[in-house]
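First the structure, in the form of structure tokens, and then the observations on it.
Note that ligands are numbered from 1 as they come in the structure, with each ligand's atoms numbered from 1 the same way. Because the structure is predicted, anything quoted here is derived from the model rather than measured.
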Amino acid sequence: MPEVVKPCSLFRHDEDWDKRSSTTDGNDMPQMRVAVAGAGIAGLALAAALRRAGIDCHVYEQAEHLTEVGAGVQVAPNATRLLHQLGLRDRLRGVAVVPQAIEMRRWDDGRRLQRTPLGSLCRSRFGAPYYTMRRADLLTSLLSVVPPDRVHLGARLAAVTQSADEARLHLSDGPTVTADLVVGADGIHSIAREQIVADRPRPSGQTLYRGLVPVERVRFLLTEIRVQSWLGPDQHLVCYPVSSGRQVSFEATMSASDRREESWSARGDVAPLAAAYAGWHPDVTRVIDAAETITRSALHDRESIERLSSGRVAVIGDAAHPMAPIQAQGANQAIEDAVVLAACLADARPGDLSAALRRYEGIRLPRTTRIQQQSRANAETFHLVNGQARHRRDTSAQTASGLDRHEWLFGYDAEQATTTSGSA
Ligand SMILES: Cc1cc2nc3c(=O)[nH]c(=O)nc-3n(C[C@H](O)[C@H](O)[C@H](O)COP(=O)(O)OP(=O)(O)OC[C@H]3O[C@@H](n4cnc5c(N)ncnc54)[C@H](O)[C@@H]3O)c2cc1C
């Protein structure tokens with residue numbers, strides 16, 4: 001039985017919101033109304049950041065419950081520092097795990113290819129911790145800083161339209177919500193993105209399995225608290241502790257070009273996964289065997305885009321730049337997007353939404369495009385079969401250990417980036 005993250009009310013239209021287009025704040029300034037599609041990490045982070053900036057927003061989520069979705073997530077200092085600024089420092093400390101290192105290992109003999117130290121070294125270098133946690137814990141934490149009446153469940157976006165004066169979010173079997181800005185935080189199959197570019201997600205040819213295992217069943221993994229990535233021909237498995245160390249989250253890829261479905265919650269069978277990993281190192285097969293229930297989804301990809309907005313519609317998170325789950329940065333980048341977009345909107349001159357959105361794109365696109373493209377390139381390297389190329393990968397992985405090469409990624413301060421880019 002999946003755990004419900006938080007009982008939120010089903011969708012109820014806020015009629016005052018529609019009337020607000022003509023209302024003003026105490027300074028006779030029109031109040032900006034932002035409607036967000038999707039209550040994933042991107043949508044909730046944006047709601048939290050907008051609230052902090054004093055901008056009202058409503059979030060519309062298709063799911064009727066926010067359930068235990070997607071097992072674990074790694075949150076690096078570039079995002080934890082932002083989550084702390086959103087007021088979540090204590091809350092995250094209570095649920096997260098601080099891994100001491102990320103290690104990459106060979107699939108068969110378990111030989112260590114690379115070790116990146118984390119723990120206190122990472123925290124002191126970047127001023128914020130590296131965490132692993134359940135996705136549900138991250139979502140609940142974000143929800144705790146968003147007013148419950150601003151998150152509407154069972155509200156599925158069917159289409160977005162816009163005019164020069166307003167954007168409209170059309171909900172299936174529901175009313176149309178009018179806003180000054182619609183933000184698509186609706187994931188890789190984003191409907192809002194259609195306002196910006198006419199592309200489609202394409203299947204990557206990989207199926208992904210994810211699971212949570214009680215720690216008692218896999219104690220052998222915890223001789224050190226760490227993230228372990230096992231690399232093998234055409235597939236890889238990553239595992240790490242979550243839930244204050246009570247559970248281990250794992251994700252394992254498998255070639256399966258026939259699977260088109262993508263979902264965080266479709267049930268998967270352990271048997272085909274176990275068969276695909278037969279012959280791998282015993283630490284890997286024991287993790288898979290220890291799984292009771294797992295979820296399965298088909299991985300998709302999209303090309304990088306040159307704009308993150310069009311008119312009164314913008315996109316953030318996977319709706320903007322889905323990433324192969326190799327660098328563990330998709331959610332981190334979604335949080336960066338949210339903080340930057342909120343800051344750009346807060347600084348916007350009244351009526352000049354377009355300058356704010358240009359500024360958001362100018363800050364975000366170079367970084368997210370670089371990470372998106374690097375993730376795709378690394379996906380190929382991760383899955384090399386035996387041979388010269390794999391030998392070169394293994395040798396260069398060993399020489400590239402350490403935190404230096406993560407400076408540009410973990411050391412980046414998105415809030416600072418909005419200050420140095422100047423305001424609208
Ligand atoms: C196996 C795997 C492991 C990963 N590990 C990491 C990691 O360790 N660290 C990391 O930073 N990133 C990781 N990522 C990437 C990360 O999960 C995503 O980048 C992140 O979840 C994106 O968040 P999002 O809110 O943009 O999209 P999503 O998480 O997809 O959320 C979109 C939300 O919008 C809702 N929605 C969709 N369509 C509609 C609609 N029409 N109307 C209303 N609501 C809608 C959905 O129900 C959902 O709640 C991983 C990804 C995978 C696949």
Out of Q74, R135, Q327, the nearest non-hydrogen contact to atom 5 (N) of ligand 1 is supplied by R135
Side-chain H-bond candidate by donor/acceptor type, T140 with R91, under 3.5 Å
no
Here the atoms of ligand 1 under 4.0 Å from any heavy atom belonging to I191 are 41 (N)
Under 4.0 Å between heavy atoms, the region of A155 that gets near ligand 1 turns out to be backbone
Counting from 1 in the order shown, the ligand 1 atoms closer than 4.0 Å to a non-hydrogen atom of Y60 are 43 (C), 44 (N)
Validation row, ring centre F250 to ring centre Y240 under 6.0 Å
no
Going by the 4.0 angstrom heavy-atom rule, the piece of A331 near ligand 1 is both
Hey, does L299 come in under 3.5 Å of ligand 1, counting only N/O atoms on both sides? no
For the ring pair W107 and W280, is the centre-to-centre distance below 6.0 Å? yes
- So, Q162 and R168: side-chain donor and acceptor under 3.5 Å apart, yes or no? no
In I294, V242, V248, the residue satisfying side chain to side chain contact (heavy atoms under 4.5 Å, CB included) with L212 is V242
Logged contact type for Q333 with ligand 1, heavy-atom cut-off 4.0 Å, is neither
Looking at E61, Q206, H321, the heavy atom closest to atom 35 (C) of ligand 1 belongs to E61
*What about G43: any of its N or O atoms under 3.5 Å from an N or O on ligand 1?*
no
So for L157 against ligand 1, with non-hydrogen atoms under 4.0 Å, the contacting part is both
Residue pairs meeting salt bridge (Lys or Arg N to Asp or Glu O under 4.0 Å), one or both in residues 275-286, sequence neighbours left out, come to none
| field | W230/H236 aromatic ring centres below 6.0 Å | value | no
Notebook entry, point to check: Will you find, in the side chains of H170 and T161, an N or O donor that is under 3.5 Å from an N or O acceptor?
Noted result: yes
Judged by heavy atoms only, the candidate from G38, A324, A185 nearest atom 32 (C) of ligand 1 is A185
A student checking ligand 1 against G317 at a 4.0 Å heavy-atom cut-off should list atoms 26 (O)
Check: of A37, G40, A334, G187, min heavy-atom distance to atom 27 (O) of ligand 1 comes from G187
By side chain to side chain donor-acceptor pair (under 3.5 Å), S190 pairs with (sequence neighbours left out) D186
Counting from 1 in the order shown, the ligand 1 atoms closer than 4.0 Å to a non-hydrogen atom of V73 are 7 (C), 8 (O), 9 (N), 10 (C)
